[in-house]
2 protein chains.
Amino acid sequence: MTQLDVSEAPAPKLGRKRDHSRDPEILDAALEVLAEEGYDGMTIDMVAARAKAGKATLYRRWASKGELVVDAVACMKKNDLDPARLPDTGTLRGDLIAMIKPRSIEDAEKKMQVMAGLMSVLTRSPELAEAISQAIVQPRAEVNRILFRRAIERGEIPSDCDIDALSMVSPSMAAYRTMVLQKPVDREFLLDLIDGVILPAVGIRPPY
Amino acid sequence: MTQLDVSEAPAPKLGRKRDHSRDPEILDAALEVLAEEGYDGMTIDMVAARAKAGKATLYRRWASKGELVVDAVACMKKNDLDPARLPDTGTLRGDLIAMIKPRSIEDAEKKMQVMAGLMSVLTRSPELAEAISQAIVQPRAEVNRILFRRAIERGEIPSDCDIDALSMVSPSMAAYRTMVLQKPVDREFLLDLIDGVILPAVGIRPPY
DNA sequence: TATATACGGAACTTTACGGTTTCGGATAGC
DNA sequence: GCTATCCGAAACCGTAAAGTTCCGTATATA
């Protein structure tokens with residue numbers, strides 16, 4: 001490459017531009033199929049059919065099934081909550097319970113199903129593993145870390161709490177329950193988890 | 001079926017008997033491939049090659065790939081420890097730490113990898129889900145339940161502990177760490193888990 | 001309104017794998 | 001040693017899915 005890359009806007013004089021306006025529908029369709037069928041069960045035809053698009057359209061935009069999936073996973077990140085706008089009720093228990101909302105339960109369920117469908121591919125696709133980590137794993141852990149840190153700053157829980165371990169409790173147990181036990185991660189389960197494991201672990205006991 | 005099933009020993013007069021002497025090698029090979037490649041990545045040829053067996057031999061014994069995998073998963077159960085012969089050190093912490101042995105760490109790692117490879121298929125194969133549950137999930141939870149129950153009987157921890165939730169903490173976090181975070185479930189991690197989450201959650205604090 | 005472009009749909013190619021069959025050689029019982 | 005039976009290897013078949021090509025149509029820009 002002795003030549004500079006000057007592939008900028010090669011003057012399309014006429015006709016329709018190749019915008020990526022259909023990307024969202026396609027990526028959403030891919031996520032749905034992925035959640036239902038898993039990586040190997042998902043076919044390009046299924047995705048195209050669900051997005052009411054042609055298979056060729058998908059291949060004009062993504063070079064392979066793998067790249068489409070990585071993109072789809074990455075786009076899950078936009079749904080998750082802003083760490084700057086977390087509930088702040090004044091108590092750790094209040095914050096944790098305030099996180100339990102039908103909307104976020106639903107969103108988490110979908111993400112878990114997608115992750116389950118990608119599990120077997122993770123080890124052989126570092127790209128995909130990274131996408132999953134960025135879109136799901138890290139944000140979830142970060143949210144918990146923030147809540148625990150605030151509780152420490154308030155003096156509500158001891159400052160020598162193992163935050164790294166504690167922030168993984170909820171994601172781990174929710175994932176295990178969905179993927180392995182195949183039981184619902186509902187409000188009841190989450191309340192039991194908070195009052196039966198997490199709060200006891202940081203020394204908070206009833207009465208609350 | 002008005003006729004009784006009298007398919008017992010139809011008098012093989014001559015030649016070699018069809019014993020199942022090669023089953024263990026084949027099932028072990030299947031487990032290895034399963035752990036490395038996942039369900040969809042595993043091919044019958046791979047298993048046959050690794051077991052130095054012919055593909056036909058596998059199909060003489062199992063009707064399909066699915067049945068072979070179910071059998072292979074089920075045969076993992078024989079490796080796991082007898083609930084009647086668990087460590088009994090007199091303290092919960094002693095018991096939990098006594099469970100950390102290179103042998104069991106290694107065994108657990110293999111099981112987690114197999115489970116990861118089957119994750120996406122679980123929802124569509126109740127047979128397989130049941131096999132996994134019997135071979136891995138239930139035994140692991142049961143071991144923990146026993147240790148917690150004994151601690152309650154000793155009066156070491158409160159009797160109103162949420163044993164159902166607590167017995168899932170270790171399996172959940174180990175699974176998450178292996179499958180999702182792709183980090184090793186080593187002695188250090190398990191010690192941090194015990195001292196940073198489990199023991200605090202049941203009210204046991206240093207000095208031990 | 002005219003036209004270049006992208007789109008949906010469908011036909012097509014290639015490859016890989018599940019499953020079957022065949023066959024020469026090994027092996028256990030007679 | 002003889003023979004029925006099983007085994008491993010390899011060829012073979014059918015199907016399904018990744019990826020490509022083609023075409024008639026819709027659409028945005030001029």
Partner of A:Thr57 under side chain to side chain contact (heavy atoms under 4.5 Å, CB included), picked from A:Arg61, A:Lys55, A:Arg60, is A:Arg60
How close or far is atom [atom2] of [N] from atom [atom1] of [X], stated in whole angstroms?
| X | N | atom1 | atom2 | answer |
| --- | --- | --- | --- | --- |
| A:Arg50 | C:dG9 | CZ | P | 15 Å |
| B:Trp62 | C:dT20 | CH2 | C1' | 18 Å |
| B:Ile44 | D:dA9 | CD1 | P | 15 Å |
| B:Tyr59 | C:dT22 | OH | P | 17 Å |
| A:Asp40 | C:dG18 | CG | P | 11 Å |
| A:Arg22 | D:dA28 | CZ | P | 13 Å |
| A:Ile26 | C:dG9 | CD1 | C1' | 14 Å |
| A:Asp45 | D:dA18 | CG | P | 7 Å |

side-chain hydrogen bond (donor to acceptor under 3.5 Å, both in side chains) between A:Gln134 and A:Gln138, worked out
CA-CA 6 Å; A:Gln134 299 251 341; A:Gln138 287 176 12; 4.6 Å; no
[X] has a side chain; which of [options] sits nearest to it?
| X | options | value |
| --- | --- | --- |
| B:Arg60 | D:dG8, D:dC22, C:dG18 | D:dG8 |
| A:Lys55 | C:dA11, C:dT22, C:dC17 | C:dA11 |
| A:Ala53 | C:dG8, D:dA18, D:dC7 | C:dG8 |
| B:Ala56 | C:dG19, D:dA10, D:dT21 | D:dA10 |
| B:Thr43 | C:dC17, D:dG19, C:dG8 | C:dC17 |

Any donor-acceptor N/O pair, A:Arg124 side chain to B:Glu37 backbone, under 3.5 Å
yes
Would you say the side-chain atoms of B:Ser125 pair up with the backbone N or O of B:Leu122, donor to acceptor, closer than 3.5 Å?
no
Touch class at under 4.0 angstrom, heavy-atom based, for A:Met46 against every strand present
nothing
A:Thr57 side chain near C:dG8 phosphate (N/O to OP1/OP2, under 4.0 Å):
yes
Does B:Lys77, at its NZ atom, have more than 12 non-hydrogen atoms belonging to other residues, nucleotides or ligands within less than 6.0 Å?
yes
